[in-house]
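Read through the structure below, which is laid out as structure tokens, and then see the notes.
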Amino acid sequence: MATKVPASRVLSWDEIKKNAAEFIVDWKGETSEQAEAQTFWNEFFKVFGRNRRELARFEKRAAIISSGGSGRLDLFWRGVVAAEHKSAGQDLDAAESQLFDYDIPLEDLPELYVVSDFENFRVIDGETHDSVTFPLSDLLDHITLFAPIAGYQTRRLTQEEQASRDAAELLGGLHDALEDSGYAGHALRVLIVRLLFCVFADDTNVWRKDLFQDFLDYRTAEDGRDLGAQLNFLFQILNQPEEDRQTNLDEDLALFPFINGGLFSETIPIANFTRQTREILLQASGFNWSSVSPVIFGSLFQSVKDDRERRQFGEHYTSEADILKVVDALFMNDLRERLGKAGKSPGRLTALHQHIADLSFLDPAAGCGNFLAVAYRCLRSLEREILVTLHSRGGKIQRVLDISLLALVKIDQFYGIEQDEFPARIAETAMFLVDHLENVALATTFGQYFARFPIKEEATIREGNAMRIDWNEVVPAENIDYVLGNPPFGGHRYRSKEQSQELKDLWGLQYNKLLDYVTGWYRKAADYVVNERTRIAFVSTNSICQGEQAALLWGPLLSRGFRMDFAYQTFEWTSEARGKAHVHVVIVGFSNERCETRPDNRVLYVHDATSGMTHPEEVESISPYLVPGPEMEVPKVSQPLSLAMPPIRFGSLPSDGGGLIVKADAYGEVDEYAKKYLKKFLGSKELVKGIPRWCLWMPDGPDPDDFRRSQFLRDRLEQVRENREKSSNPDTRDLADEPYRFFHPSAPSGRYVALPAQVGDSRRWYTATYLDGRTVPSNTLYWAPDSKGYLLAVLSSEMFMSWLRGVGGKIKSDPRMGKSVYNAFPLGDPDDGALGLLSGAGKNLEAVRRGHKGQSLADLYESNCVPADVVAAHKKIDKVMDNYMNFRKRSPTHLDRLQFLLGRYSEIIQQTA
């Protein structure tokens, strides 16, 4: 485990790249005669905002001695990096061999191994041992390889993930083939879960290796005709205690142990296999299941459901790497810290061991048990570390009489709720097998055989709708320490009527249709927690911490004393199944402020969009918008807080079936009588990308003569009329007799600022611009008058973009404009002098843009290639805005600005209260 990063600020990748460029210039051409290796590494650490003296307390000792006693490591930061340095031109292969010759304790193994000779680097991944060699001049191209030094997380589980995907495909294919043949429903679900257990058991010492494989090979016909019957016979054997079996049972079949636990107790119909389905099962059995992660169970279930069903039920199964983010931050980091503090003290270690054996966990959206299985595995791994330390003398593990008596952590500490039968059964089986794998690991460590078969303890997985049942019926709240999981998402547009009713019943008078389905789990968890020790963590769609929904969810929770303990900012979720869903999510850990186990420090895991990496920052408090700041929401505001911000309006909505809109490819069809009614018609996409589009704008209808003479007008207005008559909206149907009118006309007559409803996440600045009365804004644009000329500058500042990113809603990860986020912007009330400076800066930006004729806003603001004069114009605006707001942070990040703005918003609200 990597050592905790010091509390100093973690640099952004833009800052790191800037430092790296300077480092290349400073050290290019240096040799050992001109500079010392220690100086080189001191300066190299500064690239990432690290001071080696600051890190000295993390070095296990001044140097690590090689196994041959002939040398010492040049650089060692335990758990993070080990480096060997040579003079210019020396052999890097020899340096690498020497680096791996050092005796580094297992618990201190670094994430990175680095060798260098001033002119070249070689970076070796500590987990995969993949290496990359490059010259100093190419450092910028490879800078993210050093992410652990900067404090960014780089957890990789590539081998397990690949094995899990391959295994999921095999059993997913068998499920599909059997279902297509007509063997479906409950019987198929039971069969697949049993086969899952059997193929795992073949590779994990539940019974003799390949016993099930041999059964398939030698006891079933090649054409599959008797396979179903033979499997049912085997299941019957697995459900019988050895002493109750017939004495003449075949010797090979008698080797299968009694499993118990209800897994094989039910009699199911015999499945009719074919040569093809038997071959698929043989392939699955031949797979090395010992390398498969517990997440395979969730992946299996997801792999046999289509995208439409997942969207309906809001199911998005989590990769193990993302589950570990929840598990580590919620409890494992704390437990590992306690283990470190316990040292070798028998009393402290025994107390910690008993503590983890007393913990209880609930996943109220258990799915296939992914969270429970990974949490249990982590707890058992920690237990193994404790037992090894307790029973080691002189660096050697001592023999114990019966290791099974020392294993106190059991699966009956884990509880789940799952609506559907198939995943609930998989979850139960997952826990059995993870328990067995951990028993094997413990037995291997202590040199004893240890298995918990027949099964005596079980995880409790309750089938039922978690939004409807009382969680206390599953496990009393006072017995639960941690509630965690991945509840279904279900945005308001995708919810079923039943799901919406569930939310209404839960939220009562606080219900709002904008609330995502996942918010029901937050409310239900808050209602469930009655003791002062339970902590909660959920993976959720990022919309719960954005825009209006953040206020709708966190307003009631904050008022009841709930606070965030940790949070991961928005990142793209990875799943391990075929047809996997692409979702942008956050992770939120929270508890009541009275919670006895609430940590002293809040940790915000900051996501860097450039590199895709995450680093932790300790903060005083976490705002509902997942930035450091006041624990308060920004509620919906009907009017701008600042008198200097004019109200914005929606653009025009046609509701016309396309009849009133003329795209470029249809412009040539417009006859002379219709052309007089054309106006430019721009939405967000057309405005930003420079795409031409027009509309037929005739609020009072066309001239009768023009209508009679123009076939184009007659055809288009008939199209509108027919479309509106078929509408399910009665207001739209009422307008069918006036097909020339927009459903919602909103067109300024003079000059105005156009505000796109959505902008790309890569944009540094919001791309507002001026339009005039010749252009009608569509319903994907907002517009506002700007008679004094300063509004464009306000909207084009980094301050406003940071506010929009943090407080506004998002579509995926793209910021979305809305009246509420605009109205709540804490501009304050600038005087005429400040407004004049802003107006001048805005006019300057407008003039600079005009100088780039033929380029759209998308061209001008393409990431990493914004023209220098455009950048300079924005920086002039930023300087004026920062000075007016008294913001003095040097080289501020987006988070710095948002934190400042939330504080400013809080002050303005308090002053007006």
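Screening D180, I280, L188 against H175 for a side chain to side chain contact (heavy atoms under 4.5 Å, CB included) leaves a single residue, L188.
Ionic pairing of R189 and E421 is present here: one or more N-O contacts between side-chain nitrogen and carboxylate oxygen are shorter than 4.0 angstrom. A salt bridge is defined here as a Lys NZ or Arg NE, NH1 or NH2 lying under 4.0 Å from an Asp or Glu carboxylate O, and R122 with E96 meets this definition. Taking a cutoff of 4.0 Å between a charged side-chain nitrogen and a carboxylate oxygen, R336 and E385 do not qualify as a salt bridge.
Ring centroids of Y113 and F100 are separated by less than 6.0 Å, placing the two rings close together.
Under a 3.5 Å cut-off, the side chain of Q240 and the backbone N or O of I237 do not form any donor-acceptor pair. For the pair D363 (side chain) and F371 (backbone), a donor-acceptor distance under 3.5 Å is absent.
Within the structure, salt bridge (charged side-chain N to carboxylate O under 4.0 Å, His left out) contacts touching residues 194-210 (residues at least two apart or in different chains) are D203-K209, R208-D214. Residue pairs that meet the salt bridge (charged side-chain N to carboxylate O under 4.0 Å, His left out) test with at least one member in residues 223-237, sequence neighbours left out, are D223-R225.
Within 6.0 Å of atom CD in E222, 12 or fewer heavy atoms from other residues, nucleotides or ligands are found, so the atom counts as exposed in its surroundings. Environment of CD in Q246: sparse, with no more than 12 heavy atoms of neighbouring residues, nucleotides or ligands closer than 6.0 Å.
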Worked check of side-chain contact (heavy atoms from CB on, under 4.5 Å) between I587 and Y605: CA-CA 9 Å; I587 298 172; Y605 293 85; over 6 Å; no

Check against side-chain hydrogen bond (donor to acceptor under 3.5 Å, both in side chains), N465 and E498: CA-CA 11 Å; N465 182 347; E498 292 78 11; over 6 Å; no

Verdict with supporting geometry, T220 and Q230, side-chain hydrogen bond (donor to acceptor under 3.5 Å, both in side chains): CA-CA 7 Å; T220 65; Q230 290 283 51; over 6 Å; no

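Ring geometry for Y482 versus F361: interplanar angle under 30°, hence parallel rather than tilted (30 to 60°).
Using a 4.5 Å heavy-atom cutoff, the side chains of W289 and L196 are in contact.
Rounded to the nearest 0.5 angstrom, L238 CG and S265 OG are separated by 12.0 Å.
Defined by atom type and a distance below 3.5 Å, a donor-acceptor pair is missing between the side-chain atoms of Q413 and S360.
Note that K410 lies outside the cation-pi zone of Y376, set by a 6.0 Å cut-off to the ring centre and a 45° limit from the axis.
For R380, the salt bridge (Lys or Arg N to Asp or Glu O under 4.0 Å) test picks out E383, D435, with sequence neighbours left out.
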